[in-house]
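Notes to accompany the following structure.
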Amino acid sequence: MNALHDSRETGIAAHIAEACAAQAQWARQPIGARLQIIRKIRHGLAATAEQFAHAAAVISGRPVAEKLVSEVLPLAEACRWLEQNAHTVLATKPSSNAGRPFWLAGTSFVVHRQPHGVVLVIGPGNYPLFLPAVHTLHALAAGNAVLLKPAPSTREVANAFGSLAYEAGLDPRLLTVLSSEADAAREAIDAGVDKVVFTGSSKNGRDVLAQLAASNTPSVMELSGADAVFVMADADLDLVVRALRFGTQLNGGETCIAPRRIFAADAVVADLRTRLAAAGVNSIPLRRFGDASEARQLAATPFALGASIFTRDIAAAEDLAAEFKTGFVTINDLIVPTADPRMPFGGVKASGFGSTRGEEGLLEMTFPHVVSTRIGGSYAHFDEPGEDDARLFSGYINAVHGAGLRERLGGLRQLWAALMRKAKDRKHHAS
């Protein structure tokens, strides 16, 4: 087992310098080689699943079985998703000629996905393995190096994950586990990381953003939620009670996308309140609503991480869900679908911005790098524009973008006349 880097001994700036050197080599590796490391991490995680679950469970006093299914299992699935899909998501994509403007004839374009460089992952305390590890693995798969700053009291889990990665063959310079103290994140940002992925409260997120603003460092912010549950008049109330009991008790209630507000249709609110009380489910206030229009109004809140709808009318629920300004909506379910490794996860408004997980989360760990190449063709754009050029492009604009047939035909005539004049001028100068 390789020794873990300790930022307190040699300084975070020194680790960033080492990470930059290692990252340059890592990014040049074929993606298959990077994913081979992630595959070995997944296999190592499977071999030590109960140990990881126990380490995560001790932090919050939760059952080991719960941590197996809420942290270890989705982490393993996220690894496998990367192994199967990162090639395609991060592939270099040449642009076709379809739709290319005529004035770019002879020009080809290729879009590359380039890693940011050194990514700082600031982990939360509620899911100390799954969340920071997924962000770390996405960053590594994309060719970045990572500084992982664990939440207070969770560094043992972060160290164990780091050791697992090193044993899988990862260069230790590519993953540095920092101190769990807040100053470690501040020092890393001051020292010059290239992107930050933060998971935590909205207040702490704003503090991090204020520091990032000084250097325009990009970030992904996964912040607080105040998720609403809407129980329609035709909902299966037995299912609703089971779901709310699960959602309010999972991880001791410490889940960002847990139900915080419950709204029930007038026809079922009394029955639901009785059922929840009998099941021992703490329903926060349980409020009523009259129709879908009122439900849409109640869904509006500064925090917009997720929402849930319970109903037998799936089509109506999907219509309602489409109008919710939240990152995720579940219909007849709670929380669990958000752990699908294929799906992006993230909030809007006060719940943050950017995405983690899925294709969008992987792309967040890169930036688009476009290379254009012109072979042959005209270089008239380097010449001083003249009156004929003004008439030519004015005609082209109307011919292509005019509102009606008359405008487009007029533009076409103007374009043709300008082309003829330019051809005549060229012939005159040639003679």
Side-chain angles (χ1 to χ4, degrees), residues 3-27 114-125 128 131-140 142-159 161-162 165-166 170-224 346-347 350-356 361 364-367 369:
L4 288 171
H5 287 200
D6 192 325
S7 60
R8 294 170 297 182
E9 293 179 359
T10 58
I12 291 174
H15 284 308
I16 290 178
E18 292 181 355
C20 286
Q23 185 272 327
Q25 300 174 2
W26 177 246
Q114 297 277 33
H116 287 280
V118 179
V119 176
L120 171 63
V121 174
I122 304 176
L131 293 180
V134 166
H135 305 160
T136 296
L137 292 172
H138 273 64
L140 290 171
N144 299 282
V146 176
L147 302 184
L148 172 55
K149 188 274 174 192
S153 77
T154 70
R155 193 166 190 259
E156 182 179 344
V157 174
N159 283 345
F161 174 72
Y166 306 153
L170 184 71
D171 184 337
R173 297 175 298 168
L174 292 170
L175 174 57
T176 299
V177 179
L178 303 179
S179 164
S180 62
E181 298 171 0
D183 284 345
R186 298 190 188 101
E187 186 179 341
I189 293 170
D190 285 341
V193 295
D194 299 298
K195 187 158 188 174
V196 173
V197 181
F198 174 86
T199 306
S201 71
S202 289
K203 179 184 181 303
N204 290 342
R206 287 192 295 270
D207 291 341
V208 173
L209 284 171
Q211 187 181 2
L212 294 176
S215 55
N216 287 333
T217 302
S219 63
V220 174
M221 291 281 146
E222 186 179 311
L223 307 178
S224 307
S351 290
F353 52 83
S355 296
T356 62
E364 285 276 9
M365 300 301 180
T366 68
F367 62 91
H369 176 71

Spacing of [X] atom [atom1] and [Y] atom [atom2] [to the nearest 0.5 Å]:
| X | Y | atom1 | atom2 | answer |
| --- | --- | --- | --- | --- |
| Met365 | Thr356 | CE | OG1 | 8.0 Å |
| Leu148 | Leu178 | CG | CG | 7.0 Å |
| Ser351 | Met221 | OG | CE | 13.0 Å |
| Asp194 | Thr217 | CG | OG1 | 7.5 Å |
| Thr176 | Glu18 | OG1 | CD | 7.0 Å |
| Leu223 | Phe198 | CG | CZ | 6.5 Å |

Without swapping roles, check the side chain of [X] against the backbone of [Y] for a donor-acceptor pair under 3.5 Å.
| X | Y | answer |
| --- | --- | --- |
| Trp26 | Ala145 | no |
| Asn144 | Gly117 | yes |
| Gln23 | Leu174 | no |
| Ser180 | Arg155 | no |

Please give me the minimum heavy-atom distance between [X] and [Y], naming the atom from each residue.
| X | Y | answer |
| --- | --- | --- |
| Ser219 | Leu212 | CB-CD1, 3.6 Å |
| Val146 | Ala139 | CG2-CB, 3.6 Å |
| Gly125 | Ala151 | N-CB, 3.5 Å |
| Ala142 | Thr366 | CB-CG2, 3.6 Å |
| Ala22 | Asp171 | CB-OD2, 4.0 Å |
| Ile122 | Ala185 | CD1-CB, 3.9 Å |

Heavy-atom check, side chain of [X] versus side chain of [Y], under 4.5 Å:
| X | Y | value |
| --- | --- | --- |
| Ser201 | Pro124 | no |
| Val208 | Gln211 | no |
| Pro150 | Val157 | no |
| Val118 | Cys20 | yes |
| Phe353 | Leu209 | yes |
| Val177 | Phe161 | no |

Taking side-chain contact (heavy atoms from CB on, under 4.5 Å) as the criterion, tell me which of Val197, Val193, Ile16 meets it with Leu120.
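It is Val193; the other options fail the test.
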Applied to residues 195-205, the salt bridge (Lys or Arg N to Asp or Glu O under 4.0 Å) test, sequence neighbours excluded, yields Lys195-Glu364, Lys203-Asp207
- Evaluate the criterion side chain to side chain contact (heavy atoms under 4.5 Å, CB included) for residue pair Asp183 and Arg186; output intermediate values, then yes/no. CA-CA 5 Å; Asp183 284 345; Arg186 298 190 188 101; 2.6 Å; yes
